Number of protein chains: 2
Amino acid sequence: MSRKEIQEQRMKDYFIQATKEILKGEGIQALSVRSIAEKAGYSFATLYNYFKDVKELIFLCVKDFQQECQEYVEDKTKDTERGEKKIIATAISYAEYFVQYPSVFEIFFIEKLPNSAENARISELIFSFLEKLCQEEFQYCIDQKSFTAEEVKEIVKELNCLITGVLLLYLNRNYPSDYGDFAKNLKLQVEKTMKK
Amino acid sequence: MSRKEIQEQRMKDYFIQATKEILKGEGIQALSVRSIAEKAGYSFATLYNYFKDVKELIFLCVKDFQQECQEYVEDKTKDTERGEKKIIATAISYAEYFVQYPSVFEIFFIEKLPNSAENARISELIFSFLEKLCQEEFQYCIDQKSFTAEEVKEIVKELNCLITGVLLLYLNRNYPSDYGDFAKNLKLQVEKTMKK
DNA sequence: TCAAAATATGAACAGTGTTCATATTTTGTA
DNA sequence: TACAAAATATGAACACTGTTCATATTTTGA
């Protein structure tokens with residue numbers, strides 16, 4: 001990276017960092033071009049010298065949040081025995097992360113992405129993320145002959161859709177209204193999906 | 001209803017009708033207090049003499065859309081044989097309706113509801129809607145002893161979460177990117193859920 | 001017919017994202 | 001070191017958003 005590129009990336013990181021902090025703290029309803037710039041210590045207009053619009057900035061946070069989520073999941077599941085149990089624990093921890101940071105769920109699944117080749121890649125990053133988290137463990141299951149590769153493909157898709165829906169209904173429609181019920185339901189359904 | 005109440009309801013209906021038309025036509029991104037009022041033939045300020053805010057107006061459309069969706073589903077499934085097959089057809093038609101009207105999906109599952117007793121009722125209306133659509137047929141299955149009441153309770157919950165997730169990923173993250181793949185996946189997963 | 005009540009309305013406000021001309025700073029050369 | 005040129009930061013302005021409120025208009029009833 002040239003001197004210039006380093007400096008430019010540093011500027012971008014200030015804005016990205018500010019965006020992440022607001023999303024994890026005050027939440028997405030507090031996020032605006034002006035609030036981001038203020039937290040970064042610049043004018044809102046400066047932001048436009050580094051990003052084409054605020055959506056670009058927002059979606060640049062996805063990778064960082066995924067990294068953080070992955071670390072959360074790995075820590076939560078590190079003592080779980082390998083195989084099916086670990087996959088279940090991974091899926092549940094993945095969901096827990098979004099309950100803890102609802103605004104991250106919004107960015108990942110709700111915030112609109114204008115159609116473009118770049119955004120298609122971001123989209124893919126998002127919807128293949130759970131698969132990525134479980135990949136190693138599913139491979140282990142295939143090696144152990146507890147699942148075929150074909151079965152795994154279907155299960156991953158189903159887990160992904162299921163958990164996304166469970167989260168959306170809980171976070172946006174308060175269903176179930178109690179967190180305990182949500183967690184119980186999540187566990188039950190994830191286990192069921194693994195059993196089929 | 002008193003004369004006054006009739007007139008007031010009529011005014012409300014003008015705004016509700018306008019809102020529904022915009023949502024089904026130009027979509028939610030074209031929906032604003034001013035666009036609704038213009039379509040209704042009044043000033044935007046008049047709207048506030050009948051609704052406390054635009055959210056109240058938007059969520060008053062839910063019942064109408066559910067009615068419409070129900071008619072769509074009933075028409076699509078009227079020739080399907082009773083029992084499990086009809087439930088599957090119902091769930092798929094339900095999803096199809098939202099693919100046809102993505103803005104209705106937004107209202108139902110994405111648009112934020114401020115916390116209140118009134119909104120809790122709207123929320124319940126939404127997340128129990130699929131159950132309502134399938135209720136009669138599930139009862140038939142219970143009577144036929146193909147499912148127990150306990151099983152039905154779990155299956156309904158799972159169908160609900162699953163379809164919500166499938167729709168969210170398709171409509172907001174273009175996953176899968178092809179409608180055919182979406183429909184195939186939807187069918188497969190609904191059938192799987194019924195089989196467990 | 002006319003006062004009183006009900007209703008409709010535009011101005012105004014605070015917020016949003018974005019653009020652009022300009023002020024400021026940094027850079028490289030003379 | 002001085003200065004012109006390029007790079008960068010910025011506030012004003014614009015077109016939107018939802019909402020409030022004083023006021024203009026219409027309807028009602030005596």
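What you are looking at is a predicted structure, and each value in this text was computed from that prediction instead of being measured. Each chain gets a letter, A, B and so on, in the order the sequences are listed, and its residues count up from 1.
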Undergrad: Dot-bracket for DNA chain C: what is it, with Watson-Crick or G-U pairs under 3.5 Å, [ ] where a pair crosses earlier ones, and | for a pair to another strand?
TA: ||||||||||||||||||||||||||||||
Undergrad: Once you round it to whole Å, what is the distance between P of D/dT17 and CD1 of B/I28?
TA: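 About 13 Å, once rounded to whole Å.
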Undergrad: Should the heavy atoms of other residues, nucleotides or ligands under 6.0 Å from CD of A/E151 be counted, would the total exceed 12?
TA: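 Counting other residues, nucleotides and ligands, CD of A/E151 exceeds 12 neighbours.
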Undergrad: Does the ring centre of A/Y101 sit less than 6.0 Å away from the ring centre of A/Y97?
TA: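 Between A/Y97 and A/Y101, the centre distance is under 6.0 Å.
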Undergrad: Of the options D/dT10, D/dT8, D/dG18, whose atoms approach the side-chain atoms of A/K4 most closely?
TA: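 From the listed options, D/dT8 comes nearest.
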Undergrad: It should be established whether A/S43 places a side-chain nitrogen or oxygen under 4.0 Å from OP1 or OP2 of nucleotide D/dA9.
TA: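 No, outside the criterion.
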Undergrad: Once you round it to whole Å, what is the distance between P of C/dT25 and CE of A/M11?
TA: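 Distance check: A/M11 CE to C/dT25 P gives 14 Å.
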Undergrad: What's the CG-P distance between B/L57 and D/dG18, to the nearest Å?
TA: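 About 11 Å, once rounded to whole Å.
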Undergrad: Measure the distance from CG on A/L47 to P on C/dC20 and round it to the nearest whole Å.
TA: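 From A/L47 CG to C/dC20 P: 16 Å.
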Undergrad: By the definition side-chain contact (heavy atoms from CB on, under 4.5 Å), identify the one residue from B/E154, B/M194, B/E131, B/Q189 that meets it with B/L159.
TA: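 Of B/E154, B/M194, B/E131, B/Q189, side-chain contact (heavy atoms from CB on, under 4.5 Å) with B/L159 is met by B/M194 alone.
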Undergrad: Give each protein N/O atom lying under 3.5 Å from an N/O atom of nucleotides 12-16 of chain C, with the pair distance.
TA:
unit_1: C/dA12; atom_1: N6; unit_2: B/R34; atom_2: NH2; d: 3.4
unit_1: C/dT16; atom_1: OP1; unit_2: A/S32; atom_2: OG; d: 3.4

Undergrad: Taking atom P of C/dA21 as reference, at what distance in whole Å does atom CG of A/N49 sit?
TA: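 Value for this atom pair: 14 Å.
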Undergrad: What integer distance in Å separates A/E5:CD from D/dA7:P?
TA: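 Answer to the nearest Å: 14 Å.
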Undergrad: With nearest nucleotide decided by heavy atoms, which residue, B/Q7 or B/A45, maps closer to the 5′ end of DNA chain D?
TA: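 Comparing both residues, the 5'-ward one is B/A45.
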Undergrad: With a cut-off of less than 4.0 Å, is there a side-chain N or O of B/Y50 near OP1 or OP2 of C/dA8?
TA: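 Checking B/Y50 against C/dA8: at least one side-chain N or O falls below 4.0 Å of OP1 or OP2.
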Undergrad: Between B/F98 and B/F109, what is the ring plane arrangement, given parallel below 30°, perpendicular above 60°, and tilted in between?
TA: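 Rings of B/F98 and B/F109: perpendicular, as their planes differ by over 60°.
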Undergrad: So, applying side-chain contact (heavy atoms from CB on, under 4.5 Å) with B/F15, which one of B/L47, B/L60, B/V54 is it?
TA: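 With B/F15 as partner, side-chain contact (heavy atoms from CB on, under 4.5 Å) holds for just one option, B/L47.
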Undergrad: Using the six-membered ring wherever Trp is involved, compare the ring planes of A/F108 and A/F129 and label them parallel, tilted or perpendicular (cut-offs 30° and 60°).
TA: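 Ring orientation, 0 to 90° scale: perpendicular.
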Undergrad: Using a cut-off of 6.0 Å, state whether more than 12 heavy atoms not belonging to B/E136 lie near its atom CD.
TA: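 Check fails, neighbour count at 12 or below.
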Undergrad: A/Y42 OH to D/dG11 P: how many Å, rounded?
TA: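 So the OH-P distance, A/Y42 to D/dG11, works out to 13 Å.
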Undergrad: Could you state the atom-to-atom distance from CD of A/E111 to P of C/dG17 in whole Å?
TA: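 Taking CD of A/E111 and P of C/dG17, I get 10 Å after rounding.
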Undergrad: With a cut-off of 6.0 Å (strictly less than), are more than 12 heavy atoms of other residues, nucleotides or ligands near NZ of A/K76?
TA: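 Open.
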Undergrad: To the nearest 0.5 Å, tell me how far B/D64 CG sits from B/C69 SG.
TA: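 If we round to the nearest 0.5 Å, B/D64:CG and B/C69:SG are 12.5 Å apart.
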